[in-house]
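A quick write-up on the structure given underneath.
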Amino acid sequence: MPFGLAIPLALAALGGVLLGHQAPAGLAEALGLALLLAMARRRLAELLPVVAMTGVAIALLLARGAELPAGLTREDLAVDARVLSVAREERLTRLVVAVDSCAPLATNRLPCDDLRRLRLSAFDAPAIQPGERWAVTVRLRPPTGFANPHTFDYRAWLWREGIQATGYVRREPAARRLEAAGPAPRRRALEFLDARALEPRASRWLAALTLGASERLQQADWELLNASGTTHLMVISGLHVGLVAAFVLGMARGTARLVAPGNWRLAVWPWWLAGAAAVGYAWLAGLEPPALRAMVMTLVGLWVASGRHAPGPWQAWWLALGLVLLLDPRSAWRPGLWLSFAAVALLILIWQGRPRPRGVRGWLWALVRSQLLLAPLMAAAVLLAFARLAPAAPLVNLVAVPLVSSLLVPLGLLGWLLAWLPPLSRLCWWLFGELAEGLAWLLDLAVTWLPLWLPDPALVTPLGLASGMVALLWALPGLARSLRLVASLLLALVPLTLASESSAPGQLRARVHDVGQGQLVELSTANYRLLYDAGPRFASGFAPLASLWPPGQRFDDVIVSHADLDHAGGVPLLAAEHEVSRFLAPAGEAVGVPAVPCRAGEAWERDGVRFRFLWPPAETGELSSNDRSCVLEATAGDHRLLITGDVGREVERAWLLEARRPVTVLVAGHHGSRTSSGPQLVQTLSPRHVIFSAGRDNPFGHPDDAVVRRFRRTGSCLWSTAHDGAVTLWLGEAAFGDVVSERPTAWRRSGVGGDCLALESLE
């Protein structure tokens, strides 16, 4: 391929990613016309980029169309599938499966033939092993996830992993094993490793470093790696595949030198053998996207290093990027892709035109210089991708990178090569384990001194951009040292000029978080932070609250409306991992922690914002759990917010006289159930905005269609966390503006009132 095509190829692949993601009208016709014109001109320079753009765009369009149709949500489907991965958590088993066949059990339903990969949960499942084929009955829903500000995007992760639906395995009819697992080198290798007498950490790290089995790592491993900025060392990357290729290349060229001393440098077969080793190792590691990307970059790197009609460094960079996007278009959404290519680009900038280091001292200085210059760029990339910063990373990587690349990985791979000689293999892996323990001790020490920093979300982007500019200042050739120093000092002042997002005195920020079928509302003023409810806790034990904030948050008050798990499920997590000054709950409700009773008439003021309970009364013995719910009113200037918990219509009429004035924002009672939000409440309060806190595709049909129509007749703007994700508003003087939803949609403006959602019930 002419090297001049490398950049057009990569840009065309990026264009295909953009077109496939946006899917503008007439895309297929435009791509077909461009392809025909390029073919008619018979010029490779025009045809290849058009083919690349068309292929990437079509692959993404097909991927979008292959997701589970909404009409099959909550339907029973018969699925035959091969198990790709298994993760067990006490009674719960999580599976990723490749679908062989799928059919709805009920007649007159949409087909599900296009499904290829699913993520399933199974309770009390039989022993399931990767590679087996099973017949199961499942209930699925399209890929989705909670949408909250500055949190992990589970929906995007499902998309990147090619998972087209999630759901659970039905217990009846029982799952049936159709076929035992066939031969699989990677699984056999893991079984062989499990049979060895290794320390737990050594076994986990050996599996991850040499076989790409990152699923073996425990949560504590990931936390340590993230906090120390060394996560990139513990997955199959270009470093690992490159080491395998370099080892094979060195052995093969040594053999060639013995066989043909006169012309061993001209031998081609060592380079081909090294390339084959890179492909084989990536395949053994499962050929997952990181391994695929590493394989492509290693193969292109071998071509450049061979010098045989090879492209230049920048041409190779663009060529590798284009090939990765062609082979895996979804990798454009993987932060690892951009981290890898950004690091390689900076290394090219640093070393292009410089002489090759000589001697041990020269190579050591080259390593130190590269790591110090890479540190601000990697910090910027991690900040922008994951909103975290590991202050210890620059110093730790000076030790960890050579330790892993020069000792740990070679020892681990050598142990596999000598598996037929158990004493030598055990020696290699014993040394690996000792070094792994030493590295873990070093990482733990560094993290203790310099813990992981999670900056305020408002600071992430400017800090990331400033750090990236510092890296470029010192990497770009030809800049005066004085300019670099002055500019770096100015950029270092950026954190001092930034302010965290906060409310002004007299203003209230209200955020109804997306926690599925449950409720969690965060209210904050300039110096006060309150939670109304703590969200649900699911049968698996997962509480969505865990995904909202890192441990160590401070809350002045936490009001638990009542003891139902969809409102109080996150209370144990709040008590264990966060600092809560005061819990409040209705008298007689056991919410899992000591709580001060909430009573009608109690009021307090913080930063010019007034809070008041309208319900329950002092005596609650005759009330149901729902009707005991704490009803909270918050007043900021002329704006009022009302949260009614799960109280029913009769109770609404009991406290409605206390809330006679219209309200600005109403968090609808009982998730929009027909048992709440009666006609008298709707007409009396006439809320400007109504927010339903409900789960997507929930089995209760919340919000109820009659309740939705009732609010729409009053002209209320309707929002639902099921469709909109988290909903944020600001109340108070000069504060009220647009409602911000975390999951914007193109069809929002078709609703009543222009900016309001035309929401209807599922029933």
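Side-chain atoms are counted along with the backbone in the values below, which use heavy atoms only and exclude waters and symmetry mates. Residue numbers start at 1 and run along the sequence shown.
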- prompt: Per the salt bridge (charged side-chain N to carboxylate O under 4.0 Å, His left out) rule, which among Asp514, Asp153, Asp724 passes with Arg743?
  reply: Asp514
Could you report the tightest heavy-atom contact between [X] and [Y], atom names first, then the distance?
| X | Y | value |
| --- | --- | --- |
| Ala202 | Phe432 | O-CE2, 3.6 Å |
| Val515 | Gly535 | CG2-CA, 4.3 Å |
| Ala278 | Leu299 | CB-CD2, 4.4 Å |
| Gly518 | Ser693 | O-OG, 2.6 Å |
| Leu383 | Pro455 | CD2-CG, 3.7 Å |
| Pro329 | Ala59 | CG-CB, 3.9 Å |

Answer yes or no: is there a donor N or O on one side and an acceptor on the other, between the side chain of [X] and the main chain of [Y], under 3.5 Å?
| X | Y | answer |
| --- | --- | --- |
| Asp328 | Val324 | no |
| Asp221 | Gln218 | yes |
| Ser228 | Leu225 | yes |
| Ser214 | Ala208 | no |
| Thr721 | Ala726 | no |
| Trp474 | Ile350 | no |
| Arg186 | Gly212 | yes |
| Ser467 | Gly464 | no |
| Trp317 | Phe341 | yes |

From [X] [atom1] over to [Y] [atom2], what is the distance, rounded to the nearest 0.5 angstrom?
| X | Y | atom1 | atom2 | answer |
| --- | --- | --- | --- | --- |
| Phe386 | Leu454 | CZ | CG | 13.0 Å |
| Ser331 | Arg160 | OG | CZ | 11.0 Å |
| Trp205 | Leu439 | CH2 | CG | 5.0 Å |
| Leu118 | Leu158 | CG | CG | 11.0 Å |
| Arg529 | Arg554 | CZ | CZ | 10.0 Å |
| Thr231 | Arg388 | OG1 | CZ | 5.5 Å |

Can you check whether [X] reaches [Y] side chain to side chain, under 4.5 Å on heavy atoms?
| X | Y | answer |
| --- | --- | --- |
| Arg117 | Leu84 | yes |
| Pro130 | Ser85 | no |
| Leu193 | Thr210 | no |
| Leu531 | His578 | no |
| Pro289 | Leu337 | no |
| Leu463 | Leu389 | no |
| Met295 | Thr298 | no |
| Val396 | Val447 | no |

- prompt: In terms of heavy-atom contacts, does CH2 of Trp283 have more than 12 from other residues, nucleotides or ligands at under 6.0 Å?
  reply: no
message: Please evaluate residues Arg334 and Glu161 with respect to the criterion salt bridge (charged side-chain N to carboxylate O under 4.0 Å, His left out), reporting the C-alpha separation (whole Å), side-chain torsions for both, the decisive distance (0.1 Å), and the verdict.
response: CA-CA 9 Å; Arg334 299 181 189 278; Glu161 297 302 312; 3.1 Å; yes
task: Would you please test Arg696 and His723 for side chain to side chain contact (heavy atoms under 4.5 Å, CB included) and show each step?
output: CA-CA 7 Å; Arg696 194 175 183 88; His723 298 279; 3.9 Å; yes
message: Under the criterion side chain to side chain contact (heavy atoms under 4.5 Å, CB included), I'd like the reasoning laid out for Trp333 against Val17: C-alpha separation, chi angles, the key distance, then a yes or no.
response: CA-CA 10 Å; Trp333 284 268; Val17 167; 3.7 Å; yes
- request: Begin with the C-alpha distance, continue with both residues' side-chain angles, and end with the deciding distance and a verdict on side chain to side chain contact (heavy atoms under 4.5 Å, CB included) for Arg201 and Glu437.
  value: CA-CA 8 Å; Arg201 194 200 308 271; Glu437 290 297 330; 3.2 Å; yes
message: Can a side-chain donor-acceptor contact be found between Arg88 and Thr93 if the only test is distance below 3.5 angstrom?
response: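 No, because no side-chain N or O of Thr93 sits under 3.5 Å from a partner of the opposite role on Arg88.
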task: Applying side chain to side chain contact (heavy atoms under 4.5 Å, CB included), run through Leu530 and Asp556 and close with a yes or a no.
output: CA-CA 6 Å; Leu530 177 150; Asp556 296 281; over 6 Å; no
- request: Establish, for the pair Arg119 and Trp157, whether the NZ or CZ atom is under 6.0 angstrom from the six-membered ring centre and no further than 45 degrees off its axis.
  value: no
task: Output yes when Glu67 and Arg155 qualify as a salt bridge under the 4.0 Å nitrogen-oxygen rule, no when they do not.
output: yes
field: Pairing of Glu522 and Arg509 as salt bridge, 4.0 angstrom limit
entry: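 Looking at Arg509 together with Glu522, the answer is yes, because their closest N to O distance falls below 4.0 Å.
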